[in-house]
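What follows is a single structure, written as structure tokens, with notes after it.
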Amino acid sequence: MKKIFLFLFLIFSFSPIFSQTLKIEKVEPPNWWTGMKWNNIQLMIYGENLNGISAKFSDSRIKIKKIHTPENSSYAFIDIKIPDRLPSGDYKLELRNGSGKASIDFPVYQREKGIRHQGFSGNDIIYLLMPDRFANGDHANDSISGYYDSMQRIPNEWRFGGDIQGMIDKLDYLKDLGVTAVWATPLVENNTFRSYHGYSATDFYNTDPRLGSNQLYKKYVDEAHKRGIKVILDHVANHFSDNHPWMRNLPMKNWINGSIEDHLPANHHKMIFTDPYADSSTIKHVERGWFVRDMVDINQENLFVQNYIIQNTIWWVEFSGLDGIREDTHPYNNQKFIASWAKAILDEFPTLNIVGEVWTGESDFLAAYQRDTFLKKNFNTHLPSLTDFGLRDVLIDFVSGRGGLYKVFNVIAKDFLFTDPSQLVTFVDNHDLERVMYYANGNVDKVKLAYVIMMTTRGIPSVFYGSEIGMTGGRGHGVLRAPFPGGFPSDKQNGFEKSGRSDFENEFFNFIRNLIHIRKSHSAFINGKLIHYPPVSDVYYYFREDGNRKFLIVINGNEKEALVDLNPVKHRIGEKTSLIELITNSKRILESDLILKMNPLSAGIFMIE
């Protein structure tokens, strides 16, 4: 009897039939398309006992090029090639391991046609919103089993319930405002604490169910396109949540930089990559440091990680048909990799645009991050667009009383550092910085001047949700990201409707909408020539002109009336004396002395007839 038990024990312990059961849990990417330039795909297989596998597809036209099996048998990587003319369908991928066998369907689709991948430019007005804080269109997904945020009991840090359906419901509001592109903060699953902001992914291929679904996101893109509104994806390549399933079972030992217990802290010296005297150890610290402790720094020197990030980005763009990308925390990425990432995305989608978040207000450091920079040899990010923190900082200094308009002139005068300053995304506030109304401390007139400059100078203007109705917010992320009034069931007012706004909110909304209309109606503000002059006594004026029209913009930053002497620019005005002021839609006659009277803290956008 003992011999029988020993025999059975040996069979169950060493036979691959019983101890090496092969299992496939999922494959990433979950599908692909024919006709893509990126047709050599690296499949990431999740499962059990994946070591020593062989693989084949049910259709021999899909070629297995190479199989990679890391030390962790819960993962395998399979390089395949998808032929251009492969018919749409589900293709069975079969894996074998000794006597074990498992299979999974891998769909291959034809690429969709229509309005897709449009890019964004100075023709556009971008609207930045945080889905959870914008509008709740589906109350059924406010609470999802298995998704719990420990910050729910902390005021202003909890989830408010906004979602993709709410974003769809408010597209007509955005169209009425004049918005032509929407940048929503990340929508991928964030099953972790303080999850509302979206920057701590726990699944890179699926929308957070509290916001909606992948198919609903695709519908949102389609609905936006129907209204002439483009969609910008907020993408994070640098880090992911410490609650991601990877952290319970890393695919490879070097999948991340360091560990929860032992890692480099963040290093915020973004100028290091163009510093000719920088030491390589400092560069590595910036690239490998963890942004915060709960945001794990992924190892972008790992070739499998590189493929994963590039393919994931291509997948979202092709799946949804979106138009542009905003790349989060760009300088914290491995710069060699993130440059190759941008190049791969733009090679696949040449009409797309990518704006990199580079949080520095110093133009000389910022400019080096724009593609084809001449500021440093052998450094090319391939980024067409950058966030213009330089202009934002001096506009905030102006509205808060810390600086005058000469600082605005000075930043714009440094545009020679950029390869294309028209591609700078301009803004006065965003989801990381206190709102412009907060800094102005009640001085609405100064805020209006900041918006006039932003809407009439070079670049691509961006408006932060709620700022168009004068939301003030407060200090700290939870407060400045306050929910949009009217987007949630318990709201007592509705900022989305004229009847629900206060007199002040309507007046400010109309002011911003009018500025947007003025910009969109005249090509000179979009791609016309900019000629500006050093401010004198805090009066700043400049011209925008193209072959169609010539405009004079005058900003009086004083709290008293200004008499602006235009004799120094008589050669630009010529003999024309009739001016149409576009903000008030009124006519002004320029007298022979060329003195223009400007009210305190006022702006004029004058079309020269």
Side-chain angles (χ1 to χ4, degrees), residues 119-126 128 180-181 183 232 270-271 273-274 324-327 330-331 342 346 352-376 379-398 405-428 430 450-463 515 519-520 522-535 540-547 550-553 555 605:
F120 55 88
S121 67
N123 292 292
D124 292 304
I125 304 294
I126 298 173
L128 163 60
T180 61
W183 152 29
I232 299 171
K270 292 173 278 291
M271 74 293 292
F273 298 106
T274 52
I325 296 172
R326 178 260 188 186
E327 185 57 33
H330 187 277
L346 294 173
L352 205 75
N353 198 359
I354 303 174
V355 54
E357 183 205 23
V358 182
W359 194 337
T360 176
E362 298 179 75
S363 298
D364 40 5
F365 293 132
L366 178 64
Y369 284 92
Q370 194 168 36
R371 69 179 173 190
D372 301 327
T373 182
F374 49 83
L375 296 175
K376 185 177 181 180
F379 184 78
N380 190 348
T381 65
H382 297 285
L383 284 176
S385 178
L386 298 170
T387 47
D388 193 358
F389 278 91
L391 184 59
R392 176 266 168 194
D393 288 356
V394 293
L395 288 175
I396 292 299
D397 283 348
F398 170 69
L405 291 173
Y406 194 89
K407 294 176 74 173
V408 176
F409 163 83
N410 197 46
V411 163
I412 296 174
K414 293 178 181 177
D415 278 1
F416 68 91
L417 295 165
F418 297 91
T419 52
D420 187 358
S422 71
Q423 283 284 324
L424 296 174
V425 173
T426 57
F427 59 101
V428 291
N430 69 12
Y451 275 108
V452 170
I453 294 171
M454 187 180 82
M455 291 293 179
T456 58
T457 193
R458 85 294 184 266
I460 308 169
S462 176
V463 177
L515 284 182
R519 179 181 175 87
K520 290 168 63 178
H522 301 286
S523 58
F525 296 121
I526 297 167
N527 48 35
K529 190 175 182 180
L530 169 63
I531 306 100
H532 71 163
Y533 301 86
Y540 178 40
Y541 60 82
Y542 49 97
F543 292 87
R544 297 302 304 270
E545 54 188 62
D546 61 11
K550 181 181 290 187
F551 300 87
L552 168 66
I553 299 92
I555 312 292
I605 304 174

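Numbering of residues begins at 1 and proceeds along the displayed sequence.
Between the OG1 atom in T456 and the CD1 atom in I526 there is a gap of 12.0 Å [rounded to 0.5 Å]. The structure places CG of D546 at 9.5 Å from CZ of F525, a figure rounded to the nearest 0.5 Å. With values rounded to the nearest 0.5 angstrom, D420 atom CG is found 12.5 Å from T373 atom OG1. With rounding to the nearest 0.5 angstrom, the CG atom of L552 is 9.5 Å from the OH atom of Y542. In this structure, M455 CE and I125 CD1 are separated by 4.5 Å, a value rounded to the nearest 0.5 Å. Note that CZ of R392 is 15.5 Å distant from CG of L424, once rounded to the nearest 0.5 Å.
The main-chain N or O of P384 is found under 3.5 Å from a side-chain atom of Q370 such that the two form a donor-acceptor pair. Between the side chain of T387 and the backbone N or O of V425 there is no donor-acceptor pair closer than 3.5 Å. N380 places no side-chain N or O within 3.5 Å of a backbone atom of R371 that could act as its donor or acceptor partner.
Shown here is K529, whose NZ atom has no more than 12 heavy atoms of other residues, nucleotides or ligands within 6.0 Å.
Not counting sequence neighbours, the partners of K407 by the salt bridge (Lys or Arg N to Asp or Glu O under 4.0 Å) test are D397.
In this structure, H532 and F409 have side chains that are in contact, with non-hydrogen atoms separated by less than 4.5 Å. In this structure the side chain of V452 reaches within 4.5 angstrom of the side chain of I555, judged on heavy atoms. Two residues are said to be in side-chain contact when any heavy atoms from C-beta on lie closer than 4.5 Å; L391 and T457 meet this criterion. Put simply, the side chain of S363 reaches to within 4.5 Å of the side chain of F418, judged on heavy atoms.
Residues P535 and Y540 approach most closely at CG-CD1, 3.7 Å, considering heavy atoms. Contact between I460 and S422 at its shortest, heavy atoms only, is CG1-O, 3.7 Å. Closest of all the heavy-atom pairs between K376 and F273 is NZ-O, 2.5 Å.
Applying the salt bridge (Lys or Arg N to Asp or Glu O under 4.0 Å) rule to pairs touching residues 379-391 yields D388-R458, sequence neighbours excluded.
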Hey, mind stepping through V355 and W183 against side chain to side chain contact (heavy atoms under 4.5 Å, CB included) and telling me if it holds? CA-CA 11 Å; V355 54; W183 152 29; over 6 Å; no

